[in-house]
Number of protein chains: 2
Amino acid sequence: MLTERQLLILQVIVDDFIESAHPVGSRAISKKEHIPFSAATIRNEMADIEEQGYLEKTHSSSGRVPSEKGYRYYVDHLISPAGQTHKGNVISHMLKDGFFEFEQIVQMSAEVLSELTNYTSIILGPELFETKLKQVQLITLSAHTAVAILVTNTGHVEHRSFSIPAEVNPSDLERMVNILNTRLHDVPILKLQEIFNTEIAAMMKMYVEDFDRSYDYLKAAFLSDHPVKLYIGGKSNILRQPEFNDVDKIRSFFTMMDKEEEIISLLKHTDHGINVSIGKENEVDAIKDFSLITSSYQLGDGQLGTIALLGPMRMEYKKVISLLNIVSNEMTDALYMWYKNNE
Amino acid sequence: MLTERQLLILQVIVDDFIESAHPVGSRAISKKEHIPFSAATIRNEMADIEEQGYLEKTHSSSGRVPSEKGYRYYVDHLISPAGQTHKGNVISHMLKDGFFEFEQIVQMSAEVLSELTNYTSIILGPELFETKLKQVQLITLSAHTAVAILVTNTGHVEHRSFSIPAEVNPSDLERMVNILNTRLHDVPILKLQEIFNTEIAAMMKMYVEDFDRSYDYLKAAFLSDHPVKLYIGGKSNILRQPEFNDVDKIRSFFTMMDKEEEIISLLKHTDHGINVSIGKENEVDAIKDFSLITSSYQLGDGQLGTIALLGPMRMEYKKVISLLNIVSNEMTDALYMWYKNNE
DNA sequence: ATTAGCACTCGCTGCTAGAGAGTGCTAACA
DNA sequence: TGTTAGCACTCTCTAGCAGCGAGTGCTAAT
């Protein structure tokens, strides 16, 4: 167990190290105004704290650095839930703007988050397995080309252009769209493929001449690829962190950031509220000396998306946590409004 | 003037350096099979070549490295136009696929180009000042929300969701869209803003009640931000190049890549064919020790887009040039087909 | 004209010494 | 008994120096 004074010292060390990125020595601590103890006393305390695993040395005669356990304790017990609400205003303003497109807002939020923190921000769109198709529209641009537009109940819009082979009859096309609209309304996106292959195929065969060609084209146009959408902000902002002084670290970081699936799997927990993973607590090896802070936001219908900041273990937890709290709340609010309008 | 033999040596040096990234010494050159001269002879020649500015030393007793002038000469005169057509097939296949969306293809081309070369690829979409609006569609999703869809003559589709304030009358909205469709057909995108502010405003005042609100919303929805679209592939692939051993270089590179406008201005020449800018030949300071190779592709109606590869001066010019040639031709072909279908 | 030989230059590696920052321990102190 | 001053010790970091290797330029011989 740590004494009061040890907690104070631990807090000072973590705060200081988060700010400076340099190991913290006893003398430096004793110089702070709210620390009335001598360097020697602090040395003794530090040895105790280290013994309990909250601190580490980078080498035998260096100052102390928080261990993962130290960060964990700091995050769990030593952070006062400071409310710097002024930071939220930037994003609040963005989101309160009457009209908006979901994706644009998310992308901007990601950029702003990264800009405010100098870490890399990641936002995971709503998980599509709850998302349902709301409406299908087909706009023909010419005799040979058309745009298919899919609108989901979350307000997400996707378009896809495709060319219409000469053999396909325009009236067939229209009939097909009607079929789609009737049958696919309120169908979960993830079940599209299945329904296409069974019911739709059957229905179409009845109504549409030259079934095969039309079917293939339409199917390709409608079944797009991404199940979840990922928004990353400020991949390069993180280079401002002093821990990125090592070229290999940069390389491995960027290599990891290119692997979308890995990142998605990392964020795909749907707990409510803030979640902090420090160092090896992360399941993915590639970020075993990073910290990842995630928060969830909610769509109008209760679905969850994830919003996260990835940075060095020496992260400004206090700032980041309150910021993420604000942003996820703002997003939830804004999306609730949007959803109500859309209903 | 350089003699035959000096040209041969220059070529060997550039080739070798491009491959190895190490300064090339006289002994190494004399060892190559097709070089029957001794190291001493080569030293003499190298001194001459350096005197004429085609080579440099990194320090007084180092091997030689091509100067910018050397690269320039190499590119202009020493590259045999090798036709490695097999590389083109990858992209050819992608593009020949019957249906496609312009943006998807471009993005994929960018990725593939970068993957094949380990440089960063940049593709500039068609310049919109020639692009004209073809059709406007408004799909209402609910009483309060709608999607505006703009289709251009290049087949580019843009959508924008916005909410409809309660005060706006649905029939007004419909009337507005009709007005837009009549008046804006074939209007260049760049003139949209202007026309909105004058003619459209005037016409709408006549037909539409509660003009002000409707107008603002529609305007905001229609005048989107990006005049040209930029596709970047493999920003992090370039980290594989040995010249990126320096953290500062990496930082400045990524900082530059974040400035879209700068990159656009860099590529906004519309010469036909391949263009190589070496080192300080580039107008932007940030890439004064990079080489930029651009090529143009053509849209069906003659508009130009730009496709480029950005890498170290020590670039595999031969490979890159032939690759860019192939890709830009493939893209031009594919887009011509698309355009004909769309007409 | 070409080449072998040689002195010279420069970067790189490894070694050493000294300075600086920090620790742990001991002994003195309140 | 808890706190502190003092001191020896440890470790990193930097500068300086020597030796090696790769490469050059020049000279003299072929």
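Each chain gets a letter, A, B and so on, in the order its sequence line appears, and its residues count up from 1.
Along DNA chain C, the stretch of nucleotides lying under 4.0 Å from any heavy atom of chain B spans, 5' to 3', C:dT2 to C:dG11.
Between A:Phe244 and A:Phe290, the ring-plane angle classifies as tilted under the 30° and 60° cut-offs.
Less than 4.0 Å separates DNA chain D from at least one heavy atom of each of the following residues of residues 15-38 of chain A: A:Pro36, A:Phe37, A:Ser38. Taking every heavy atom of residues 42-55 of chain A and every atom of DNA chain D, pairs under 4.0 Å involve A:Arg43, A:Asn44, by number.
Aromatic pair A:Tyr71/A:Tyr54: centroids not less than 6.0 angstrom apart. Aromatic pair B:Phe254/A:Phe254: ring centres closer than 6.0 Å.
There is a side-chain donor-acceptor pair under 3.5 Å between B:Ser295 and B:Ser328. A side-chain donor-acceptor contact under 3.5 Å links A:Tyr317 and A:Ser291. B:Thr41 and B:Ser38 are linked by a side-chain donor-acceptor pair at a separation below 3.5 angstrom, with hydrogens and angles left out of the test. Counting only N and O atoms by type, the side chains of B:Ser114 and B:Asn237 include a donor and acceptor under 3.5 Å apart.
Counted within 6.0 Å of CD on A:Glu283, heavy atoms from surrounding residues, nucleotides or ligands total 12 or fewer; the atom is thus considered open.
The side chain of A:Ser60 approaches D:dT10 more closely than any other nucleotide in the set D:dT10, D:dG23, D:dT4.
Phosphate proximity of D:dG23 to B:Ser62: absent, as no side-chain N or O sits under 4.0 Å from OP1 or OP2.
Between B:Tyr119 and B:Met315, some side-chain heavy-atom pair lies under the 4.5 Å cut-off.
Among the candidates A:Lys319, A:Arg314, A:Lys318, the single residue satisfying the salt bridge (charged side-chain N to carboxylate O under 4.0 Å, His left out) test with A:Glu316 is A:Lys319.
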